[in-house]
Amino acid sequence: MYVTTSIDDVRQHVKSARGAGKRIGCVPTMGALHEGHLSLVKECQRFCDFVCVTIFVNPTQFAPNEDLAKYPRPIEADLHACREAGVNLVFMPDNDELYPPNFQTWVTVSEITQPLEGAHRPTHFRGVTTVVAKLLNIVQPDVACFGAKDYQQQATIRRMVRDLDMPVEIVVCPIVREPDGLAMSSRNVYLSPEERQAALSLSNALKLAATRLASGDTDLAAIQQMMIQLMQQHPEVQVQYAVIVDPDTLHEVTTPQQHMVGLIAAQVGKTRLIDNREFLLPQN
Ligand code: AMP
């Protein structure tokens, strides 16, 4: 496994891998790797024989009041995990490599970035799309893998790739959860044992919604209210949104449709967590 902080190095390694007839995959991450990230690597290896993992805590997707400074950076453990997983190339640039002085070009996706995460983190997606566009330009992979854990993010990236005709196939991988249902996240390490327990209410709320919908409940407003109530039983949890939306537009749905997705964001103590679940109703 080759590890580099340099764009030129990445280009050279990818060029020689492609020259050797290899199909190139890319898994962009912010590090603090867990089984969720590694599932993306595994999925990427199904499609590609040369996989580049990028590890970059992207400052432009954090607002000034967010956790950029304290975001976990266990770099040795991350490199070990990548080596064990059979990753070929790790690109871990510093800020200046990706944002040189006088950097002034941004990629924005206008519509689906507005609600939900966009409403709570107004500059977040501009940072995400800009850095992902840059990473895709640098690595030029055939395939790039993203997690369904960040539902609005993957929808935004798929939109960007379609709208800008970027020559890459985006693969979206299912959410990896702890055995009790908590969605794996690099931010889970911030949780105290009590908060960890309270955080389970996010996945439980989504489970409850799935059960209500499967049982034929059509009152989506009432189901959303039930999700909120379930989470608010825990004083540590402050719900930011708990909604059922259309998977393509991310607009809230008022009457059940065949395919929906429940999206939740909540503050658990000082830690902001998101989770989601797709709902597929049987077709009539
Ligand atoms: P991050 O390091 O949090 O920016 O995440 C990097 C990639 O890993 C993104 O595409 C995430 O959606 C994905 N990811 C994070 N957590 C999970 C998870 N629990 N299951 C699946 N994918 C995940």
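Numbering of ligands and ligand atoms starts at 1, following listing order.
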I'd like to check which ligand 1 atoms, numbered from 1 as shown, lie under 4.0 Å from a non-hydrogen atom of [X].
X: Ile175; value: 20 (N), 21 (C)
X: Met30; value: 1 (P), 2 (O), 4 (O)
X: Leu40; value: 7 (C), 8 (O), 10 (O), 13 (C), 22 (N)
X: Pro28; value: 6 (C), 7 (C)
X: Gly147; value: 9 (C), 10 (O), 11 (C), 12 (O), 13 (C), 22 (N)
X: Phe146; value: 10 (O)
X: Pro174; value: 20 (N), 21 (C)
X: Asp150; value: 11 (C), 12 (O)

Protein contact to atom 15 (C) of ligand 1 [nearest heavy atom, distance to 0.1 Å]:
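I find the closest protein heavy atom is His34 CE1, 3.9 Å.
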Got the closest protein heavy atom to atom 23 (C) of ligand 1, with its distance?
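Sorting protein heavy atoms by distance from atom 23 (C) of ligand 1 puts Lys149 CB, 3.9 Å first.
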Does NZ or CZ of Lys70 lie under 6.0 Å from the centre of the six-membered ring of Tyr190, at an angle within 45° of the ring axis?
yes
N/O to N/O below 3.5 Å, does that happen between [X] and ligand 1?
X: Val176; value: yes
X: Ser185; value: no
X: His37; value: yes

Using the rule salt bridge (Lys or Arg N to Asp or Glu O under 4.0 Å), only one of Arg187, Lys207, Lys149, Arg177 pairs with Asp275; which is it?
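Passing option: Arg177.
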Would Glu278 and Asn276 count as having a side-chain donor-acceptor pair, cut-off 3.5 Å?
no
So is Ala148 in contact with ligand 1, going by heavy-atom distances below 4.0 Å?
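Under 4.0 Å: no for Ala148.
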Would you please name every residue forming a side chain to side chain donor-acceptor pair (under 3.5 Å) with Arg73, sequence neighbours left out?
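Listed in chain order: nothing, the list is empty.
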What are the two closest non-hydrogen atoms of Ala199 and Leu273, and how far apart are they?
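Ala199 and Leu273 have their closest heavy atoms at CB-CD1, 3.7 Å.
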Does CZ belonging to Arg212 count more than 12 external heavy atoms closer than 6.0 Å?
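No - once you tally the heavy atoms of other residues, nucleotides and ligands closer than 6.0 Å, there are 12 at most.
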Counting neighbours of CD on Gln197 that are heavy atoms of other residues, nucleotides or ligands and sit closer than 6.0 Å, is the number greater than 12?
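No, the 6.0 Å shell around CD holds no more than 12 heavy atoms from other groups.
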Pairs flagged by ring pair (Phe, Tyr, Trp, His ring centres under 6.0 Å) wherever residues 81-107 is involved - sequence neighbours left out:
Tyr99-Phe103, Phe103-Trp106
Mutual orientation of the aromatic rings belonging to Tyr241 and His120 [parallel < 30°, tilted 30-60°, perpendicular > 60°]
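Tyr241 vs His120 ring planes: tilted.
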